[in-house]
Every structure is written in C-alpha cells, then in structure tokens.
2 protein chains.
Amino acid sequence: MTHTPTEENYIKEIYHLQLVHGEVTTNSLATAMKTRPASVTDMLKKLRSKRVVHYQRYKGFSLTASGTRTALSIVRKHRLWEYFLVNKLGFDWHKVHEVAEELEHVKCEELVTRLDEYLGKPAFDPHGDPIPNHKGQLKKIRQEPISSFLPKQTGMVQSVKNQSPEILYLLLHFGIGIGSKLKVIRKFDFDGSIEIKIDKQPPFILSYQVAQNIFCTK
Amino acid sequence: MTHTPTEENYIKEIYHLQLVHGEVTTNSLATAMKTRPASVTDMLKKLRSKRVVHYQRYKGFSLTASGTRTALSIVRKHRLWEYFLVNKLGFDWHKVHEVAEELEHVKCEELVTRLDEYLGKPAFDPHGDPIPNHKGQLKKIRQEPISSFLPKQTGMVQSVKNQSPEILYLLLHFGIGIGSKLKVIRKFDFDGSIEIKIDKQPPFILSYQVAQNIFCTK
DNA sequence: AAATAAATTTAGACAAACCTAAAAAATAAT
DNA sequence: ATTATTTTTTAGGTTTGTCTAAATTTATTT
C-alpha cells in the first residue's frame with residue numbers, strides 16, 4: 001500500500017500524538033497539522049478506507065497495527081536523513097528537521113537500506129531520538145529532564161524533547177549537544193532555573209522551560 | 001519563485017527536448033511527460049504567467065533565460081543525487097534515475113551546496129552527463145559514439161545517451177561503464193554491429209543501436 | 001486556392017486536499 | 001434532566017493537475 005506525502009504526514013502525526021499524549025482527537029490533529037478539523041475528518045475517512053486507522057464517527061480513532069508499522073517506517077526515514085544531514089553533510093542540528101520532512105517521503109526501499117548501512121545503522125538521531133530499525137524496533141534509554149536532577153548530580157544529554165529550531169539554536173549557543181556532560185550546580189526555587197557547569201566552560205543558567213526539555217542519563 | 005514538483009518536471013523536460021531536438025512542441029512535450037496535449041497547454045499558460053516560458057498560442061514556446069536557469073538548477077540537483085547514490089551508497093547506475101527524480105525536488109539551497117561539497121564538486125554524473133556548477137555552467141567534452149570509430153581505434157567511455165534502465169543494465173552485463181577503454185576490433189557493415197575488446201576480457205559484439213549510444217573520447 | 005490533415009487550444013469534468021458555514025452528536029454545567 | 005458548550009461531522013465550494021471531446025488554427029496536399 002502506498003501513500004501520498006500528505007497521508008504520510010497525517011500518519012506520522014497521529015503516531016506522535018498517540019506516543020506523547022496517549023491519545024489523538026480530531027482537534028488536536030488539526031492543530032498539529034495546521035489544518036481544519038473538517039479536513040481531518042476527510043482524511044480519517046480516507047485513511048480508514050486504506051486500513052491505516054480504526055475510526056468510527058464521533059467515537060475517535062487510532063492507528064491500526066499496519067498503520068503503526070507505516071508510521072515507524074516514516075519516522076525511520078526521517079531520522080536517518082537527519083543523521084545523514086548532520087553527520088555527513090555537516091548541517092547544524094536545528095536546521096535539519098525541515099529538510100528531513102521532505103526527504104522522508106522519497107519512496108525507495110533500497111535507498112533506506114543503503115543509507116542505513118552507509119551511516120553505520122545508527123540507533124539515535126542528532127536530537128537523541130531513537131531510530132527504528134528495519135523491523136520497526138526502537139532502542140530505549142532511561143532518561144530524565146535535567147530539571148529533575150539534584151545539585152551536584154551529573155547527567156549526559158541524550159535527547160531534546162521540544163525540537164523547535166528556536167530551542168535547538170539556543171542550546172547550540174550554550175554549547176549543549178547530544179553527549180554533553182552537564183553538572184547541576186544549584187537550583188533556584190523561585191523560577192525553577194538551574195545553574196549548570198560544562199567542563200572547561202564557565203557556568204551558566206538555564207530557564208526551567210529549557211531544562212525541562214533536556215533529557216539526560218545519570 | 002518556487003515551483004511545484006510537476007512544474008519542475010515540465011521545466012526540466014522542456015530543457016531536455018530543446019537541448020536534444022533543438023525545439024519542443026506541445027505534442028512532443030505531452031509524449032515526454034506521459035500526459036495529453038491539452039494538459040500541456042494548461043501548464044504552458046501557468047508557466048508563462050510565472051515567466052518560465054515564452055509562449056503564444058499556436059505559435060510555440062521556449063524557456064526564458066530565467067526558466068533555463070531554473071532548469072539547470074534542477075538538472076544539477078538530479079545529477080548530484082545520482083552521483084551520491086552511485087558513489088556513496090553503492091547503487092547500480094541503472095537504478096538511480098528514478099530515485100533522483102524524487103530527490104531533485106527537495107527544496108533547500110544549503111542542501112545542494114553541502115552535497116556538492118561533500119561529493120567533491122563532481123563535474124560529471126554516473127552516466128557521464130555534465131553536472132551544472134552552482135552558476136549553471138557545464139563542462140563539455142568532445143565525444144563521439146563508438147559506432148563512428150574505425151577499427152583499431154580506442155576510446156574511453158564518457159557518457160551514455162539513452163539512459164533507460166534496460167540499456168544501462170545491458171552495459172553493466174558487458175562490463176562497460178564510464179571510463180571503460182574500448183578498442184574497436186572490426187565493424188560489420190551488414191547491420192552496423194561492432195566487435196569490441198576490453199583489456200583482460202574476451203571480445204564481444206555490440207549492436208548498432210547500442211553502439212550509437214556509447215559516447216567516447218579518443 | 002480549396003480541401004484535407006495535423007497540431008493545438010478551449011470547454012467542461014474529475015479527484016485530492018483543502019476551506020467555510022451549518023448541522024449533529026457528545027460532553028459539561030446548571 | 002434540561003440547557004449550554006464543545007467537539008466532530010456534513011454540505012458545498014476552491015485549486016491543482018489531469019482528462020475527453022469538440023472547436024480552432026496552422027500546415028500540407030491536391
């Protein structure tokens with residue numbers, strides 16, 4: 001079963017919303033897709049007819065098993081391309097999402113297989129998100145936001161939750177990337193901001209909003 | 001000015017037909033695009049309104065200067081991706097055209113620049129066709145079909161004119177690729193076929209149809 | 001120069017993905 | 001348990017790129 005790029009974008013977004021919020025609604029999907037609820041309803045009927053979603057009018061919807069597999073294959077392509085753009089072409093990590101949004105729709109199984117091989121079958125993309133393998137399996141890491149760490153604890157950055165270019169650009173500015181080792185110096189209860197130290201750099205302060213998005217292992 | 005993938009495909013095809021046959025007509029473009037003359041007329045009006053073509057009804061059409069620049073930038077992307085697929089990912093040369101047809105429509109100037117750098121600014125694609133540089137300039141090589149060579153002459157393969165997967169697959173089978181050194185042993189006047197020798201390989205015979213498509217330098 | 005043939009264009013329709021406005025169903029509040 | 005609010009869906013319309021069938025213009029024959 002093949003899908004149009006638009007269908008693929010819907011499928012991917014349903015997958016993400018299910019993963020992050022546990023559920024999807026017509027409205028939330030419309031917001032995420034920057035479209036209108038009426039358009040979402042149209043697409044849901046189309047996706048149901050293609051057996052991508054379970055859907056009953058007024059009763060909600062969710063990905064079928066096969067729809068989930070499709071979603072994972074799109075996510076896989078997206079993240080492999082992000083890895084390529086950053087690690088082979090030298091792109092800054094906050095610029096790759098947009099380009100990968102286009103590359104992920106290129107239809108060629110052999111391309112994915114060869115790209116994966118060429119990159120050394122990476123398990124995580126440049127933002128620390130897991131790349132599904134060819135069977136759709138994801139590596140998982142136990143990670144917590146740096147905002148939940150206590151003073152004197154050290155964490156290694158594994159991923160960034162919010163992936164807007166804005167936050168990624170901010171982190172680039174602070175010299176924070178995947179693999180950075182962050183030591184919590186102290187926390188300010190007033191606004192939840194945290195003082196952080198990276199080896200050989202002067203300490204700096206992260207706002208609570210930012211700290212919540214930096215996921216680390218201990 | 002941005003274009004839809006469909007518009008880009010028309011622009012590229014007009015460029016190719018102009019280059020190869022010296023002119024384009026509504027019918028020839030319709031055939032090349034696998035669509036109907038009526039659809040071509042519709043698109044010509046659209047491309048005229050975008051200043052891509054000069055066009056007067058019933059009087060023919062041709063690319064404007066800016067349309068030609070656009071065409072060259074699409075050709076550039078197509079050929080850079082072909083080079084990437086063959087030389088980095090290890091694709092067989094007869095399989096890359098189709099994939100490059102999709103990749104060429106990805107919109108990101110930085111991607112083209114970085115890809116070009118990463119590949120070492122190649123001047124020719126895997127089929128020997130010149131890759132326009134960032135200014136749209138092409139390297140030219142004086143080359144003739146091996147069918148016009150005389151017995152005992154030797155040529156180095158520079159490009160293949162017809163690029164259908166079928167002929168490329170056939171050449172792969174004979175061990176002929178860009179850079180191969182071919183020595184003409186003899187020519188059969190009856191059907192124009194040619195006996196060819198490649199170092200350390202037994203001689204073999206190429207049909208006139210095939211030999212016409214293999215362009216070599218002396 | 002008229003008749004015929006070929007090429008091109010117009011007219012009117014269709015499918016995909018979107019829209020607005022109105023109706024229907026589900027949920028929440030009184 | 002009504003009423004009010006929110007969510008979702010339907011109805012009908014738009015744009016892009018396509019189509020067929022018919023009309024028009026240009027090119028070729030006789």
Side-chain angles (χ1 to χ4, degrees), chain A residues 1-15 17-18 21-63 67 70-71 74 101-102 104-107, chain B residues 1-15 17-18 21-63 67 70-71 74 101-102 104-107:
Chain A
M1 179 98 294
T2 70
H3 299 285
T4 66
T6 309
E7 285 168 17
E8 290 192 346
N9 285 333
Y10 271 93
I11 293 169
K12 199 176 42 145
E13 199 54 54
I14 296 170
Y15 173 83
L17 291 174
Q18 283 188 350
H21 298 111
E23 55 149 25
V24 218
T25 63
T26 304
N27 271 344
S28 68
L29 185 51
T31 306
M33 294 298 296
K34 292 189 178 126
T35 185
R36 299 295 173 161
S39 309
V40 170
T41 300
D42 289 348
M43 183 55 78
L44 286 173
K45 287 182 195 159
K46 198 178 167 201
L47 293 179
R48 176 179 55 193
S49 79
K50 289 186 154 195
R51 322 252 155 203
V52 171
V53 294
H54 298 293
Y55 166 57
Q56 278 186 285
R57 62 203 197 92
Y58 293 112
K59 303 289 185 185
F61 57 93
S62 63
L63 289 175
T70 303
I74 303 165
E101 285 289 305
E102 292 190 56
E104 75 191 5
H105 301 298
V106 175
K107 278 174 183 39
Chain B
M1 178 102 293
T2 69
H3 299 285
T4 66
T6 309
E7 286 167 15
E8 291 192 346
N9 286 333
Y10 272 93
I11 294 169
K12 198 176 39 144
E13 200 54 54
I14 295 171
Y15 174 83
L17 291 174
Q18 282 189 351
H21 298 111
E23 55 150 24
V24 217
T25 63
T26 304
N27 270 347
S28 67
L29 186 51
T31 306
M33 294 297 298
K34 290 186 180 132
T35 185
R36 299 295 174 163
S39 310
V40 170
T41 300
D42 289 347
M43 182 55 79
L44 286 174
K45 288 183 196 159
K46 198 178 168 199
L47 292 179
R48 177 179 54 191
S49 78
K50 289 186 156 197
R51 324 249 155 206
V52 171
V53 294
H54 298 293
Y55 167 58
Q56 276 187 284
R57 63 203 199 96
Y58 293 112
K59 303 290 184 186
F61 57 94
S62 63
L63 288 177
T70 303
I74 303 165
E101 286 287 305
E102 292 191 55
E104 74 192 8
H105 301 298
V106 174
K107 277 173 184 39

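In the text below, chain A, chain B and the rest are named by the order of the sequence lines, each starting its count at 1. This is a predicted model, so every value here is computed, not measured.
Looking only at atom types and distance, the side chain of B/Ser28 has no donor-acceptor partner in the side chain of B/Thr31 under 3.5 Å away.
The interatomic distance linking B/Asp42 (CG) with C/dT9 (C1') rounds to 9 Å, in whole Å. Atom CD of B/Gln56 and atom C1' of C/dA7 are 17 Å apart (whole Å). In this entry the distance linking CG of A/Asn27 with P of C/dA26 reads 16 Å, nearest Å. Atom CG of A/Leu44 and atom C1' of D/dT10 are 14 Å apart (whole Å). In this structure, the OH atom of B/Tyr55 is 10 Å from the C1' atom of C/dT10, given to the nearest Å. Counting to the nearest Å, the C1' atom of D/dT7 and the OH atom of A/Tyr58 are 9 Å from each other. The distance between atom CZ of A/Phe61 and atom P of D/dT7, rounded to the nearest whole Å, is 14 Å. The CG-P distance, from B/Asn9 to D/dT18, rounds to 9 Å in whole Å.
Ion pairing of A/Lys34 with A/Glu13 is absent here, as no side-chain N (NZ or NE/NH1/NH2) approaches a carboxylate O to less than 4.0 Å. Of the charged side-chain nitrogens involved, at least one lies within less than 4.0 Å of a carboxylate oxygen, so that B/Glu8 and B/Lys107 count as a salt-bridged pair.
Contact between the side-chain N/O atoms of A/Thr6 and the OP1/OP2 oxygens of C/dA16 is not found at any separation under 4.0 Å. Between A/Lys45 and D/dT10 there is a side-chain N or O to OP1 or OP2 distance below 4.0 Å. In terms of phosphate contacts, B/Arg36 brings no side-chain nitrogen or oxygen within less than 4.0 Å of OP1 or OP2 of D/dA21. Put simply, B/Arg57 has a side-chain N or O that comes within less than 4.0 Å of OP1 or OP2 on C/dT10. At D/dC19, one or more side-chain N or O atoms of B/Thr35 fall inside 4.0 Å of OP1 or OP2 (strictly under the cut-off).
Here A/Ser39 lies in heavy-atom contact (under 4.0 Å) with a base. Base contact: B/Thr41 has a heavy atom under 4.0 Å from a base atom. Within the nucleic acid shown, A/Tyr10 comes within 4.0 Å of sugar-phosphate atoms alone, with no base atom in reach, counting heavy atoms only.
Counting only heavy atoms from C-beta on, B/Ala38 has its side chain closest to C/dT10 among C/dA21, C/dT10, C/dC18.
Counting only heavy atoms from C-beta outward, the side chains of A/Glu104 and A/Asn9 approach each other to under 4.5 Å.
The residue among A/Met33 and B/Ser28 whose nearest nucleotide of DNA chain C is located toward the 5' end is B/Ser28.
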Residue pair B/Glu101, B/Lys12: steps toward the salt bridge (charged side-chain N to carboxylate O under 4.0 Å, His left out) verdict: CA-CA 11 Å; B/Glu101 286 287 305; B/Lys12 198 176 39 144; 2.8 Å; yes
